[in-house]
Amino acid sequence: MIKEQIKHLLDKCFAQGVMQGSWTAAAAGSYTVELPKHPAHGDFSTNFAMLVAGRDNKKPREVASLLAEKMARHKDLFDKVEIAGPGFVNFFVREAIWQSVVKSVCEHCYAYGSSQVGQKRKVLVEFVSANPTGPLSIGHGRQAVLGDAIARLLDATGHKVTREYYYNDAGRQMRVLGESTRARYLELLGLAAEFPEDGYQGEYIYDIARKLVAEMGDSLKETEDVTPFKEKAEQEIFANIAETLEKLDIRFDNYYNEHSLYEKGLVDDVVARLRAKGLAYDHDGAVWFKTTEFGQEQDRVIIKSTGEPTYRLPDIAYHREKLKRGFDWLVNIFGSDHIATVPDVMAGLRALGYDDSKVTVVIHQFVTLTREGNQVKMSTRKANFVTVDELFDEVGPDVVRFFFLMRKADSQLEFDLDLATKESQENPVFYVQYANARLSSIQKKANEKNISRKPLPDVVLEKLSLPEELNMLKALASYPALVEDAALDLSPHRIIFFLMDLAGQFHSYYNRHLVISDDLELTQARLWLAEALRIVFHNGLRVVGLSAPESM
RNA sequence: GCGCCUGUAGCUCAGCUGGAUAGAGCAACGGACUUCUAAUCCGUAGGUCACAGGUUCGAAUCCUGUCAGGCGUGCCA
């Protein structure tokens with residue numbers, strides 16, 4: 001908010017300068033307020049002079065001195081305003097401004113960092129969307145955590161969020177699942193069974209088959225229809241997926257079944273409309289979508305010669321339906337292996353007259369899992385994949401969540417099990433949570449000593465004048481803008497990095513200075529600082545779905 | 001072949017969308033518990049930002065090309 005204040009003042013100076021003929025309006029809106037890396041460069045700086053001078057062919061330092069003079073008049077805000085380097089104007093903000101951040105944090109408390117930039121825009125976050133063919137893999141885990149954290153961030157910034165899980169229980173995959181289950185069922189009964197060539201080989205299929213044997217005996221041994229096997233498997237697997245998600249504290253508002261698109265005729269309608277616009281045609285017994293009209297290299301099949309649709313057709317229908325349901329923004333979390341559907345869906349929406357800029361796709365790269373130095377390969381079909389459940393055998397949900405959020409979606413994520421488990425003492429998760437616990441502990445200690453925090457107006461916040469204290473206050477001040485940026489950029493990892501940095505600052509401070517001391521005024525000020533820190537740790541952890549333990 | 005993503009310290013990764021002298025955590029080495037939790041802290045060391053050009057006041061960041069890795073490129077999802 002201080003940054004915004006400075007930006008606002010710059011805009012005023014800019015307009016004033018234009019009126020006075022000091023410069024033209026050419027550079028309007030191009031200059032920015034930045035946080036310099038180096039403390040000698042002040043708390044904030046602006047490239048105003050360089051950009052204005054550049055457009056007008058003036059000398060940057062001359063423009064800078066004019067600007068600096070105007071800005072320096074705001075003595076309530078700035079200690080000093082300096083010109084440096086090629087024409088930067090650096091602002092040194094008064095300590096009192098930073099100290100007042102304590103008030104702002106504590107007044108807003110658990111709402112500090114929340115905002116209304118979303119303006120109640122309706123956004124649908126679609127993620128996981130794994131068909132119920134097996135337990136959630138590590139890759140799904142990353143997606144689940146990423147999607148949930150993004151949903152939480154959007155929620156905190158005033159969006160109206162719906163979390164949706166899209167699945168298909170009617171396709172080829174599910175038929176193979178049913179066949180696999182039947183094969184295991186017959187096998188358990190000691191009967192001859194042909195296991196499908198591309199069947200699901202995981203141990204969990206045996207578990208499901210065992211349940212069937214227990215519940216049905218051998219009554220299904222003559223059944224030709226795979227439906228009972230498929231349905232049992234689906235039911236069991238979905239229950240397992242829901243349980244896994246529950247452990248991660250992830251709940252969906254809606255499960256959307258692909259099948260319902262067919263029932264409502266929405267799939268056929270897409271084809272009809274594409275045909276009507278001349279964007280779909282028959283060839284070799286299949287129906288093709290003219291994706292070449294939308295910049296692709298080749299047209300794509302949407303209905304196979306067997307009469308079955310390909311995945312992209314219902315995908316297009318689904319996204320169209322989401323927009324028709326009134327969502328202003330569709331956020332999709334996809335694994336990089338599904339990237340191919342994106343251009344097809346976008347083309348489909350445009351073809352049908354919808355605005356595809358309302359769709360943002362977050363593509364996350366793969367998770368590679370290493371154990372004892374070896375990379376574990378993953379495949380749902382084969383038995384050697386690692387599931388989220390297996391991860392829970394070794395580390396808790398907070399560790400899983402934190403590790404998955406530590407990297408930006410674009411990066412491949414190496415999950416080193418040895419590091420996450422064996423060396424859990426050095427774990428960054430605990431490092432951050434420990435900061436929260438210590439802060440809570442300080443408040444408890446104060447209570448034990450019968451020291452209660454006095455009302456803020458009676459507290460001498462000027463006592464918070466150590467460089468470490470001011471730096472922490474600056475971090476606290478930057479938090480609301482960070483949440484906003486992280487939400488709009490769909491980048492929860494930024495919150496993680498902020499928390500790790502702030503935790504580092506706090507632990508260092510904690511080891512050096514006592515909050516509760518003989519100096520009563522100082523103790524009051526620091527107790528309030530500790531409270532402000534605790535609130536921001538709490539809010540930061542919670543906004544990405546991590547727990548904020550008061551003791552560890 | 002083509003498309004998307006990635007390439008930054010020994011390892012894993014940030015780098016606020018073009019700013020000033022490049023950042024953190026691990027790992028390595030040396031230190032700190034009569035004080036609010038040592039799951040912590042302090043210190044040392046570590047770099048041709050893959051490579052080559054270009055754009056401009058200014059490039060790890062933008063554009064082009066090259067190299068390397070990942071994922072796609074199906075009438076699989």
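In what follows, chains carry the letters A, B, and so on, assigned in the order in which the sequence lines appear, proteins first and then strands, with residues in each chain numbered from 1. Computed from a predicted structure; not experimentally measured.
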Fill in the blank from the handout: Checking B:C57, B:C75, B:C16 against the side chain of A:Val301 (C-beta onward), the nearest is B:C75
Exercise for the section: Select base, sugar-phosphate, or nothing to describe what A:Glu414 touches, counting heavy atoms under 4.0 Å on all strands. Expected result: sugar-phosphate
Practice task
Look only at the side chain of A:Arg312 and the backbone of A:Val301, and say whether a donor-acceptor pair between them is shorter than 3.5 Å.
Solution key: yes
Exercise for the section: Please report, rounded to the nearest Å, how far the C1' atom of B:G69 is from the CD atom of A:Gln365. Expected result: 11 Å
Practice task
Report the distance from atom CD1 of A:Ile339 to atom P of B:C71, rounded to the nearest whole Å.
Solution key: 13 Å
Practice task
Decide if the gap between the ring center of A:Phe92 and the ring center of A:Phe44 is smaller than 6.0 angstrom.
Solution key: no
Exercise for the section: Would you indicate, yes or no, if B:C16 has its OP1 or OP2 atom less than 4.0 angstrom from a side-chain nitrogen or oxygen of A:Tyr479? Expected result: no
Problem - Syn-anti status, with the boundary at 90° from 0, for the nucleotide B:U17 - result: syn
Problem - Closest to side chain of A:Arg512, choosing from B:A14, B:C42, B:U6 - result: B:C42
Exercise for the section: Please lay out, stage by stage, how A:Glu469 and A:Lys463 fare under the test salt bridge (Lys or Arg N to Asp or Glu O under 4.0 Å). Expected result: CA-CA 10 Å; A:Glu469 291 167 333; A:Lys463 288 279 182 181; over 6 Å; no
Handout entry: Shortest side-chain distance from A:Met552, nucleotide among B:U40, B:A39, B:A77
Key = B:A39
Practice task
Give A:Tyr431 one of three labels, base, sugar-phosphate or nothing, depending on what nucleic acid heavy atoms sit under 4.0 Å from its own.
Solution key: sugar-phosphate
Practice task
Could you tell me whether the phosphate oxygens of B:G74, OP1 or OP2, come under 4.0 Å of any side-chain nitrogen or oxygen in A:Gln298?
Solution key: yes
Practice task
Return no unless some side-chain N or O of A:Arg300 is found under 4.0 Å from OP1 or OP2 of B:G74.
Solution key: yes
Exercise for the section: Decide yes or no, distance alone: a donor-acceptor N/O pair under 3.5 angstrom between the base of B:G19 and the side-chain of A:Asn47. Expected result: yes
Practice task
Ignoring backbone atoms, establish whether A:Ser517 has a side-chain N or O less than 4.0 Å from OP1 or OP2 of B:C36.
Solution key: no
Fill in the blank from the handout: Whole-Å distance, A:Leu499 CG to B:C16 C1', equals 16 Å
Practice task
Please report, rounded to the nearest Å, how far the C1' atom of B:U12 is from the CG atom of A:Leu413.
Solution key: 10 Å
Handout entry: Partner nucleotide, any strand, of B:G23 [Watson-Crick/G-U, under 3.5 Å]
Key = B:C13
Exercise for the section: Could you check whether A:Phe88 gets within reach of a base, just the sugar-phosphate, or nothing at all, counting any heavy atom under 4.0 Å? Expected result: base
Exercise for the section: Tell me yes or no: between the side chains of A:Glu126 and A:Ser129, is some donor less than 3.5 Å from an acceptor? Expected result: yes
Practice task
Please check if the distance between the ring centroids of A:Tyr255 and A:Tyr166 is under 6.0 Å.
Solution key: no
Exercise for the section: Would you mind classifying the nucleic acid contact of A:His364 as base, sugar-phosphate or nothing, using non-hydrogen atoms under 4.0 angstrom? Expected result: nothing
Completion exercise
Assert: residue with more 5' nearest nucleotide on RNA chain B, out of A:Asn131 and A:Arg407, is A:Arg407
Exercise for the section: Would you classify A:Ser478 as touching base, sugar-phosphate or nothing, given that sugar-phosphate means primed atoms plus P, OP1 and OP2, and contacts are heavy atoms under 4.0 Å? Expected result: nothing
Practice task
Would you indicate, yes or no, if B:G15 has its OP1 or OP2 atom less than 4.0 angstrom from a side-chain nitrogen or oxygen of A:His493?
Solution key: yes
Handout entry: Watson-Crick/G-U partner (both atom distances under 3.5 Å) of B:G43
Key = B:C29
Fill in the blank from the handout: Any strand, both distances under 3.5 Å, Watson-Crick or G-U wobble: B:A68 pairs with B:U6
Completion exercise
Partner of B:U61 under the Watson-Crick or G-U wobble criteria, both distances under 3.5 Å, comes out as none
Handout entry: Distance, rounded to the nearest Å, where A:His41 contributes NE2 and B:U21 contributes P
Key = 8 Å
Exercise for the section: Give a yes or no on whether a donor-acceptor pair under 3.5 Å exists between the nucleobase atoms of B:A77, that is its base, and the side chain of A:His338. Expected result: yes
Problem - Closest nucleotide among B:G19, B:G72, B:U40 to the A:Arg438 side chain - result: B:U40
Exercise for the section: Confirm from the modelled atom types if A:Thr310 and B:C75 form a donor-acceptor pair under 3.5 Å, side chain to base only. Expected result: no
Exercise for the section: Report which part of the nucleic acid A:Asp315 touches: base, sugar-phosphate, or nothing (heavy-atom distance under 4.0 Å, all strands). Expected result: nothing
Problem - Between C1' of B:C26 and CE of A:Met500, the distance in whole Å - result: 11 Å
Handout entry: Ring centroid separation A:Phe48 to A:Phe88 under 6.0 Å
Key = no
Practice task
Assign A:Leu35 to base, sugar-phosphate, or nothing according to its heavy-atom contacts below 4.0 angstrom with the strands shown.
Solution key: base
Handout entry: N or O in side chain of A:Lys408 less than 4.0 angstrom from B:G15 OP1/OP2
Key = yes
Practice task
Measure from the ring center of A:Tyr165 to the ring center of A:Tyr256 and say whether it is less than 6.0 Å.
Solution key: no
Handout entry: Check: A:Thr341 side chain, B:A77 base, donor-acceptor under 3.5 Å
Key = no
Practice task
Could you state the atom-to-atom distance from CG of A:Asp344 to P of B:C4 in whole Å?
Solution key: 15 Å
Practice task
Establish, with yes or no, whether the OP1 or OP2 oxygen of B:C42 is under 4.0 angstrom from a side-chain nitrogen or oxygen of A:Ser508.
Solution key: yes
Handout entry: Among B:U21, B:C36, B:A38, the nucleotide that comes nearest once only the side chain of A:His38 is considered
Key = B:U21
Practice task
Please figure out whether A:Glu258 or A:Ala409 has its closest RNA chain B nucleotide nearer the 5' end.
Solution key: A:Ala409
Problem - Proximity to the side chain of A:Asp337 - top-ranked nucleotide from B:C13, B:C75, B:G72 - result: B:G72
Practice task
Report yes or no: does A:Gln365 contribute a side-chain atom to a donor-acceptor pair with the main-chain N or O of A:Ser411 at less than 3.5 Å?
Solution key: no
Handout entry: Protein-nucleotide distance (A:Lys445, atom NZ; B:U35, atom P), rounded to Å
Key = 10 Å
Handout entry: Chi-based syn or anti call at B:C5, which uses purine or pyrimidine torsion atoms and a 90° bound
Key = anti
Handout entry: Distance test, side-chain N/O of A:Lys37 to OP1/OP2 of B:A20, below 4.0 Å
Key = yes
